[in-house]
Amino acid sequence: MHCPYCRHSDSRVVDSRAAEDGTAIRRRRQCPECGKRFTTSETVTLTVVKRSGATEAFSRSKVISGVRKACQGRPVSDDDLALLAQDVEEAVRATGSAEMASHEVGMAILGPLRSLDEIAYLRFASVYRAFTDLEDFESEIALLRAEREFNNRTSTDTNSQ
């Protein structure tokens, strides 16, 4: 790490701390040449491999823009979308892989989106799961209804105890 003041090619780490929910490390450094201190931030880059084979850094804003289209006209706030993007990034990083296919990122969006808004989920799923006909929609709706019914029964059983 070059010193930003005197451009000396070395520096000493004085202090390290986790930052940004543990996704980055903030380091205080000191230059042995001029003695001045400066701060650096280190983050692990998560790379997304697109269908074309091109790669780019993971971006929460791209997750939000993709989900925003599915949420158009739905009662979903910008804060909801920001939390969803954070959940997706945490899930993707939890896989431990430094590289992930864009399709896998899209699939990682489905769980949190399903909890947020079922209609937006169906819209998004129809693209990422490549629904081809009405039967695909009908079977997904049947799964959503069965899950809702199960959750209602489970919460009723819990409340009655």
Side-chain angles (χ1 to χ4, degrees), residues 1-130 140 143-144 147-148 150-151 154-155 158:
M1 178 61 60
H2 289 280
C3 173
Y5 302 105
C6 70
R7 301 298 298 154
H8 184 68
S9 63
D10 196 17
S11 64
R12 180 172 70 90
V13 175
V14 178
D15 183 38
S16 293
R17 296 180 185 198
E20 298 179 25
D21 301 328
T23 61
I25 296 176
R26 181 181 165 269
R27 298 197 194 276
R28 286 292 292 160
R29 297 176 175 269
Q30 185 172 10
C31 175
E33 188 70 22
C34 68
K36 292 192 177 183
R37 290 184 174 198
F38 56 98
T39 302
T40 61
S41 180
E42 298 176 18
T43 58
V44 175
T45 304
L46 179 61
T47 304
V48 177
V49 181
K50 301 176 95 175
R51 289 181 195 153
S52 66
T55 60
E56 63 181 44
F58 177 87
S59 167
R60 284 186 189 183
S61 62
K62 286 194 87 169
V63 170
I64 290 171
S65 68
V67 173
R68 181 172 277 128
K69 293 172 190 166
C71 294
Q72 210 165 1
R74 302 296 304 155
V76 176
S77 71
D78 287 342
D79 289 342
D80 293 334
L81 292 177
L83 286 171
L84 181 136
Q86 180 179 344
D87 290 345
V88 169
E89 183 175 2
E90 289 171 1
V92 167
R93 287 189 184 278
T95 65
S97 177
E99 218 175 65
M100 180 170 269
S102 60
H103 182 74
E104 292 176 43
V105 174
M107 296 303 274
I109 292 170
L110 290 174
L113 185 55
R114 185 178 194 168
S115 301
L116 182 62
D117 188 278
E118 290 176 337
I119 301 300
Y121 163 79
L122 280 172
R123 291 173 177 171
F124 197 85
S126 69
V127 173
Y128 270 88
R129 290 193 179 152
E140 195 63 37
L143 284 172
L144 287 170
E147 183 180 282
R148 185 187 293 165
F150 174 78
N151 289 338
T154 304
S155 66
T158 305

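Bear in mind that the values here come from a model prediction, so they are computed numbers and not experimental data.
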Quiz item: Between Gln72 and Arg68, does a side chain to side chain contact (heavy atoms under 4.5 Å, CB included) hold up when you go through it step by step?
Solution: CA-CA 6 Å; Gln72 210 165 1; Arg68 181 172 277 128; over 6 Å; no
Self-check item: side chain to side chain contact (heavy atoms under 4.5 Å, CB included) between Val92 and Ser97, intermediate numbers included
Solution: CA-CA 8 Å; Val92 167; Ser97 177; over 6 Å; no
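Residues satisfying the side chain to side chain contact (heavy atoms under 4.5 Å, CB included) criterion with Lys69, sequence neighbours excluded, are absent altogether. By the side chain to side chain contact (heavy atoms under 4.5 Å, CB included) test, Ser61 is found to be paired with Ser59, residues two or more places apart in sequence or in another chain being considered. Applying the ring pair (Phe, Tyr, Trp, His ring centres under 6.0 Å) test to Phe124 and every residue at least two apart in sequence or in another chain returns Tyr128.
Pairs engaging residues 42-90 under the ring pair (Phe, Tyr, Trp, His ring centres under 6.0 Å) rule: none recorded [sequence neighbours left out]. Screening residues 102-125 for salt bridge (Lys or Arg N to Asp or Glu O under 4.0 Å) gives Arg74-Asp117, Arg114-Glu147, Glu118-Arg148 as the qualifying pairs, with residues at least two apart or on separate chains. Evaluation of the salt bridge (Lys or Arg N to Asp or Glu O under 4.0 Å) test over residues 1-17, restricted to residues two or more places apart or in two chains, returns Asp15-Arg17.
The main-chain N or O of Asp80 is found under 3.5 Å from a side-chain atom of Ser77 such that the two form a donor-acceptor pair.
Two residues are said to be in side-chain contact when any heavy atoms from C-beta on lie closer than 4.5 Å; Thr55 and Val48 fail this criterion. For the pair Gln86/Arg60, a side-chain contact is recorded, criterion being any heavy-atom separation below 4.5 Å from C-beta on.
A side-chain donor-acceptor contact under 3.5 Å links Thr40 and Arg29.
Shortest non-hydrogen contact noted between Pro112 and Asp87 is CG-CB, 4.4 Å.
Electrostatic pairing of Arg26 and Glu42 does not count as a salt bridge here, judged by no charged N lying under 4.0 Å from a carboxylate O.
Tyr5 pairs in a side chain to side chain contact (heavy atoms under 4.5 Å, CB included) with only one of the listed residues (Arg37, Lys36, Glu33), which is Lys36.
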